[in-house]
A.B. asks: 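Sharing a structure with you now.
Note that this is a predicted model, so its numbers are computed, not measured.
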Amino acid sequence: MIDYLALMGDKVDNIPGVPGVGEKTAQGLIQGLGSLDAIYADLEKVRTLSFRGAKTMPEKLIEHREMAYLSYRLATIKTDVELAIAPESIHCGQPDNNRLRELFEDLEFKSWVKDLGDDNANSPAAIAAVSTPEENNSEPTSPAVPTDIHYDIISDKILFADWLKRLQQAAQFSFDTETTALEIMDAKIVGVSFAIEAGVAAYIPCGHDYMGAPEQLPIDWVLQELKPILEDTSKIKIGQNLKYDRSVLLNYGIELRGIEFDTMLESYVWNSIGSRHNMDDLAQNYLDYKTVTFEEIAGKGVKQLTFNQLKVEDAGHYAAEDADITLRLHQFFWPQLEKVPTLKSVFQTIEMPLLPVLSHIERNGTLVDAKLLGQQSIELGERLVQLERKAYDIAGQEFNLSSPKQLGVILFEQQKLPILKKTPTGTPSTAEEVLQELALDYPLPKVLMEYRGLAKLKSTYTDKLPLVINKRTGRIHTSYHQAVAATGRLSSQDPNLQNIPIKTEEGRRIRQAFIAPKGYKLVAADYSQIELRIMAHLSDDAGLLSAFEKGLDVHRATAAEVFGVGLDGVTSEMRRSAKAINFGLIYGMSAFGLAKQLHVGRNEAQQYIDRYFERYPGVQRYMNNIRALAHEQGYVETLFGRRLYLPEINAKNKNLQMGAERTAINAPMQGTAADIIKTAMINVQAWLDETQLDARIIMQVHDELVLEVAESQLVQVRTGLIERMSAAATLKVPLLVEAGVGNNWDEAH
DNA sequence: GTGGCGTCC
DNA sequence: CAGAGGGACGCCACT
């Protein structure tokens, strides 16, 4: 049984038998003084509490660790989802988790979830149903995949010739390359697999080199034989993440052509959030088939084998299955994509053509001055030591400045500074925002802020970037991910080149290490205010449209409207506020958020917003319409027809629902911007290919393209680049592109 | 592996 | 009455 349930707003110090709690209100508190079994028996009540918005539990009230853990789980807003999904997702590490896990397993989640009535909207089953396009509901899934398929392993020229002939006769086939590494520039091919129809697949091993490996066809011969069909544009290729295969083949001088269907991108365009887009998950979700995973045949961790060390028989089944499943996934996705013209178009005119462009950019890489970064690391290291000493001096003891936990003890226990904010788990926050506030009254926070800033630069950038320079090319080759961000944006990994510092002077020094080779310059071109321009277009607001048509500084224009002054009367303070309002609108921010950002009262912030909507009524109308549309259809779209499903848009839980509404407002703008720059990248690359100009795209940062350009062709390339980026979409406002030139990335801005 | 924090657009 | 800013990646500490 539950001895006490404190609801939101209850005075905590009224709790019987729990003395000395200084909180004014309970943040949704479950105080169970009974045993776990008792809690379990009363689970229904506890769940009801959790939907009152309970989130955290003050530590002082915890009697047993296991209780605390259970309470925390139950009180988390995601409770139902997490409970329903899987008890194994409960992480271990707490002393009695095994016991907890047993308890959770006993709950019979499915029936329990069903009893929740309307809250069902948040269950995984409901999410899957909502997030699957309606066209899919009536659609039969592809035929079940048999589990006992035999695939050919090709080790002799007779069987090879047989398969080559079949590939030559096929109009399309799926294929996959197996390699020694994931790093594109250095990966060596170990084998290739093909599928020509569901269940008919084969693997050609040609690089397994473990002791006692069977004789295999020589790789050079195999690739020579395959080259004509791989380079044949009319031969349609299907694959999973073909950007990788294209790159690997290019290492062997083969230019993959006829890249028409990438199942990863089919899945992404079909439903960007319905599942992750790796093959194992796709097979499970859409074919109800469990694939052999790489870990299962290669092991994991440091002892994981590379593909060349795998037994040919194991590797053969794994690789051929990959090709087989890829083909089946394509047969599942494509008929459905074809039925939705907007999605088909996003797939065929944006995502597939972008694939080789990204491959080009990755392979081009970017030149980085490792020596300069090294100097900066040393310098930063010295300054960090000084700051460390200063901090120890103020605190009167040594501690790890990088540990939020140790820092919390020093600040809030030893120095007794006020706790201004807590993290989602209830520990006192030491975030920048908090330190800034505290720095007004105390000395230590300021030192910590400076330390954090510099430590970040050193550990993330100046120390790390030199380590990822490719030995052979001398350049940094990031990996762009095309199916990660739900809105349609790209992401960049290993290293992330989309979050290189720019705001502070010290940060910009890192950009100075991104350089052009001798005889070349960097050109950085970015869309000016692209998301606000898209907002003007989508909302059709006369005032906003006119501001852009007149070429006004939009934040200044907004300030003039909101504060009721002439353009000349706008102070820098007003402009700053207007800028925050503009960005806030794009993100669906509330008066509360705006107030916090601008350090003004909530009422004042609300006045700004009211005033904004008064002056730009079209924007308000658009916001209301898009919200309503999202509720009605369960998804929102970009201008190009890309969809983002919002499974939580009609959730009973208001927080989830409001979150989904914010996404509904933001996604069309962020996503349209992504569509536009992707289109621009395709057009720019096509133009560079045609003209054979001595210029290459080396980076994309959401609204910016960076090119490396021969000095002699600077003017021509810069002009052509701006033209093509501006023309990537025709909106009701012009798409302004600004392009700078320099010897390094900082200069080019 | 998770949480806290910080970098970018 | 609480909650109240969209999308990413990566580092460090800690378990």
Side-chain angles (χ1 to χ4, degrees), chain A residues 7-10 25-28 52-55 77 89-95 97 272-273 400-408 421-435 448-449 452-461 463-464 478-481 484-504 507 510-511 526-527 529-531 580 583-597 602 605 644 653-671 673-674 677 700-704:
Chain A
L7 302 187
M8 204 70 67
D10 288 351
T25 57
Q27 285 262 322
R52 299 288 297 259
K55 205 168 178 183
I77 286 172
S89 75
I90 296 162
H91 48 96
C92 299
Q94 302 278 359
N97 264 354
S272 63
I273 60 164
N400 186 345
L401 276 71
S402 302
S403 163
K405 198 177 167 188
Q406 293 185 33
L407 186 55
K421 193 187 144 198
K422 290 190 175 180
T423 68
T425 53
T427 53
S429 168
T430 65
E432 160 84 17
E433 182 198 346
V434 174
L435 295 182
L448 292 168
M449 282 161 62
R452 278 226 181 116
L454 300 185
K456 174 81 174 176
L457 293 181
K458 182 168 186 293
S459 66
T460 308
Y461 303 107
D463 284 353
K464 291 297 181 324
T478 186
S479 166
Y480 286 102
H481 291 252
V484 171
T487 53
R489 270 194 183 176
L490 299 175
S491 74
S492 154
Q493 230 180 37
D494 299 316
N496 183 353
L497 294 186
Q498 293 180 322
N499 73 347
I500 303 300
I502 189 170
K503 282 179 190 153
T504 66
I510 291 165
R511 292 200 171 211
D526 68 300
Y527 286 106
Q529 311 290 1
I530 188 165
E531 291 188 5
F583 279 109
L585 285 165
I586 292 175
Y587 298 145
M589 189 164 65
S590 64
F592 176 91
L594 185 64
K596 212 168 62 176
Q597 165 114 20
R602 194 200 151 128
L644 177 62
N653 183 316
K654 280 284 176 291
N655 290 321
L656 294 179
Q657 190 179 119
M658 282 165 58
E661 286 179 356
R662 288 192 293 272
T663 307
I665 287 172
N666 174 262
M669 296 185 258
Q670 192 184 118
I677 196 167
Q700 189 257 36
V701 191
H702 308 308
D703 65 355
E704 171 184 5

A.B. asks: Picking from C/dC9, C/dG7, B/dC8, which would you name as closest to the side chain of A/T663?
C.D. replies: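 The nucleotide sitting nearest to the side chain is C/dG7.
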A.B. asks: Picking from C/dG6, B/dG6, B/dG4, which would you name as closest to the side chain of A/K456?
C.D. replies: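 Closest nucleotide to the A/K456 side chain: B/dG6.
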A.B. asks: Establish, with yes or no, whether the OP1 or OP2 oxygen of B/dG4 is under 4.0 angstrom from a side-chain nitrogen or oxygen of A/T427.
C.D. replies: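 It does, given that an N or O in the side chain of A/T427 lies less than 4.0 Å from OP1 or OP2 of B/dG4.
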A.B. asks: What integer distance in Å separates A/F592:CZ from C/dC1:C1'?
C.D. replies: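 Atom CZ in A/F592 sits about 13 Å away from atom C1' in C/dC1.
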A.B. asks: Picking from C/dA8, C/dG6, C/dC14, which would you name as closest to the side chain of A/V484?
C.D. replies: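 Closest nucleotide to the A/V484 side chain: C/dA8.
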A.B. asks: B/dG4 and C/dG3: how far apart are their P atoms, nearest whole angstrom?
C.D. replies: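 Looking at atom P only, B/dG4 and C/dG3 are 16 Å apart.
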A.B. asks: Using the side-chain heavy atoms of A/N666, tell me which of these nucleotides is nearest: B/dC5, C/dG6, B/dC8.
C.D. replies: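 The answer is C/dG6, which lies nearest to the side chain.
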A.B. asks: Return the CE to CG distance between A/M589 and A/L585, rounded to the nearest 0.5 Å.
C.D. replies: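 The CE atom of A/M589 sits 7.5 Å away from the CG atom of A/L585.
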A.B. asks: Which of these nucleotides, C/dC11, C/dG7, B/dG6, is closest to any side-chain atom of A/E432?
C.D. replies: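 The answer is B/dG6.
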A.B. asks: Once you apply a heavy-atom cut-off of 4.0 Å, does A/G593 come out as touching a base, just sugar-phosphate, or nothing?
C.D. replies: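 Sugar-phosphate only.
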A.B. asks: Are any side-chain N or O atoms of A/S429 and backbone N or O atoms of A/K422, one a donor and one an acceptor, separated by less than 3.5 Å?
C.D. replies: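 Pair absent, no side-chain N/O of A/S429 close to backbone of A/K422.
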A.B. asks: Looking at every strand, decide which applies to A/E704 at a 4.0 Å heavy-atom threshold: base, sugar-phosphate, or nothing.
C.D. replies: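 No contact at all - A/E704 keeps every heavy atom at 4.0 Å or more from the nucleic acid.
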A.B. asks: Has A/T460 got a side-chain N or O lying under 4.0 Å from the OP1 or OP2 atom of B/dG6?
C.D. replies: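 No, A/T460 has no side-chain N/O under 4.0 Å of OP1/OP2 on B/dG6.
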A.B. asks: Within the 4.0 Å heavy-atom criterion, would you say A/M658 contacts the bases, only the backbone, or no part of the nucleic acid?
C.D. replies: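 Result for A/M658 = base.
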A.B. asks: Using only side-chain N and O atoms of A/S590, determine if any of them is under 4.0 Å from OP1 or OP2 of C/dG3.
C.D. replies: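 For A/S590, the contact criterion (side-chain N or O under 4.0 Å from OP1 or OP2 of C/dG3) is not met.
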A.B. asks: Counting only side-chain N and O atoms of A/S491, is one of them less than 4.0 Å from OP1 or OP2 of C/dC9?
C.D. replies: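 For C/dC9, OP1 or OP2 has a side-chain N or O of A/S491 closer than 4.0 Å.
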A.B. asks: Are any side-chain N or O atoms of A/K464 and backbone N or O atoms of A/S459, one a donor and one an acceptor, separated by less than 3.5 Å?
C.D. replies: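 Judged by distance alone, yes, a pair lies under 3.5 Å.
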A.B. asks: Roughly how many Å is it from CG in A/L448 to C1' in B/dG4, rounded to a whole number?
C.D. replies: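 Result: 14 Å.
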A.B. asks: Go through C/dG6, B/dC8, C/dA8 for me and flag the one nearest to the A/A485 side chain.
C.D. replies: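 The answer is C/dA8, which lies nearest to the side chain.
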A.B. asks: Round to the nearest Å and state the distance from A/M589 atom CE to C/dA4 atom P.
C.D. replies: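 From A/M589 CE to C/dA4 P: 14 Å.
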A.B. asks: Under 3.5 Å, is there a donor-acceptor pair between the A/S492 and A/T478 side chains?
C.D. replies: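 Indeed, the side chains of A/S492 and A/T478 share at least one donor-acceptor pair under 3.5 Å.
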A.B. asks: With respect to the side chain of A/P501, which nucleotide from C/dC11, B/dG6, B/dT7 is positioned closest?
C.D. replies: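 Selected nucleotide: B/dT7.
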A.B. asks: Please tell me if A/T423 has a side-chain N or O lying less than 4.0 Å from either OP1 or OP2 of B/dG4.
C.D. replies: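 Checking B/dG4 against A/T423, a side-chain N or O does come within under 4.0 Å of OP1 or OP2.
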A.B. asks: Taking the side chain of A/N496 as heavy atoms from C-beta outward, which of C/dC14, C/dG10, B/dC8 is closest to it?
C.D. replies: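 It is C/dG10.
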A.B. asks: The side chain of A/N499 lies closest to which of these nucleotides: C/dC12, B/dG4, C/dC9?
C.D. replies: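 The nucleotide sitting nearest to the side chain is C/dC9.
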A.B. asks: Any donor-acceptor pair, under 3.5 Å, between the side chain of A/R489 and the base of B/dC9, if you only look at N and O atoms?
C.D. replies: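 When only heavy-atom distances are counted, A/R489 does reach the base of B/dC9 through a donor-acceptor pair under 3.5 Å.
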A.B. asks: Suppose you measure atom P in B/dT7 against the same atom in C/dA2; what distance do you get, rounded to whole Å?
C.D. replies: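 Comparing P positions in B/dT7 and C/dA2 gives a spacing of 31 Å.
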A.B. asks: Mind calculating the distance between CE (A/M449) and P (B/dC5) to the nearest angstrom?
C.D. replies: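 Computing the A/M449:CE to B/dC5:P distance gives 14 Å.
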A.B. asks: Do you know which two heavy atoms are closest between A/G507 and A/P501, and how far apart they sit?
C.D. replies: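 Looking at all heavy atoms of both residues, the closest pair is CA-CB, 3.6 Å.
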A.B. asks: Contact class for A/K596 vs. all strands (heavy atom < 4.0 Å): base, sugar-phosphate, or nothing?
C.D. replies: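 Here A/K596 touches no strand at all.
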A.B. asks: Do A/E433 and A/K596 pass the side chain to side chain contact (heavy atoms under 4.5 Å, CB included) test, and can you show the C-alpha distance, the side-chain angles, and the key distance before you say yes or no?
C.D. replies: CA-CA 10 Å; A/E433 182 198 346; A/K596 212 168 62 176; 4.1 Å; yes
A.B. asks: Could you tell me whether the side chains of A/R452 and A/T430 share a donor-acceptor contact shorter than 3.5 Å?
C.D. replies: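 The answer is yes; a qualifying pair exists.
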A.B. asks: For the side chain of A/Q670, counting heavy atoms from C-beta on, which of C/dG7, C/dC9, C/dC11 is nearest?
C.D. replies: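 For the A/Q670 side chain, the nearest candidate turns out to be C/dG7.
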A.B. asks: Nearest whole angstrom, please: distance from the P of B/dC9 to the NE2 of A/H702.
C.D. replies: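 Going from NE2 in A/H702 over to P in B/dC9 covers 8 Å.
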A.B. asks: Grab the CG-P distance between A/N400 and B/dC5 for me, whole Å please.
C.D. replies: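 Taking CG of A/N400 and P of B/dC5, I get 14 Å after rounding.
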A.B. asks: Regarding A/I502, tell me which of base, sugar-phosphate or nothing describes its non-hydrogen contacts under 4.0 Å with the strands shown.
C.D. replies: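 If one applies the 4.0 Å heavy-atom cut-off, A/I502 turns out to touch the sugar-phosphate alone, with no base involved.
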A.B. asks: Categorize A/K503 for me: base, sugar-phosphate, or nothing, with a 4.0 angstrom heavy-atom threshold over every strand shown.
C.D. replies: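 Since only primed, P, OP1 and OP2 atoms lie under 4.0 Å of A/K503, the category is sugar-phosphate.
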A.B. asks: Do A/Q493 and A/S479 get their side chains close enough for a donor-acceptor pair, meaning under 3.5 Å?
C.D. replies: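 No - no donor-acceptor pair under 3.5 Å links their side chains.
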A.B. asks: Scan A/Q493 against the nucleic acid and name what it touches under 4.0 Å (heavy atoms): base, sugar-phosphate only, or nothing.
C.D. replies: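 Since only primed, P, OP1 and OP2 atoms lie under 4.0 Å of A/Q493, the category is sugar-phosphate.
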A.B. asks: Tell me the interatomic distance from A/L457, atom CG, to C/dC11, atom P, rounded to whole angstroms.
C.D. replies: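 Rounding to the nearest Å, CG of A/L457 and P of C/dC11 are 14 Å apart.
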A.B. asks: Base, sugar-phosphate, or nothing for A/A673, non-hydrogen atoms under 4.0 angstrom?
C.D. replies: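 The residue A/A673 makes no contact with any strand.
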A.B. asks: For the pair made of CG in A/L407 and P in C/dC14, what is the distance, rounded to whole Å?
C.D. replies: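 Nearest whole value for this atom pair: 11 Å.
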A.B. asks: For a quick check of understanding: with a heavy-atom distance under 4.0 Å over all strands, which category does A/I586 fall into, base, sugar-phosphate or nothing?
C.D. replies: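 If one applies the 4.0 Å heavy-atom cut-off, A/I586 turns out to touch nothing in the nucleic acid.
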A.B. asks: Go nucleotide by nucleotide along DNA chain C from the 5' end; which of A/H481 and A/G588 gets its closest nucleotide reached first?
C.D. replies: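 Per heavy-atom nearest nucleotide, the more 5' residue is A/G588.
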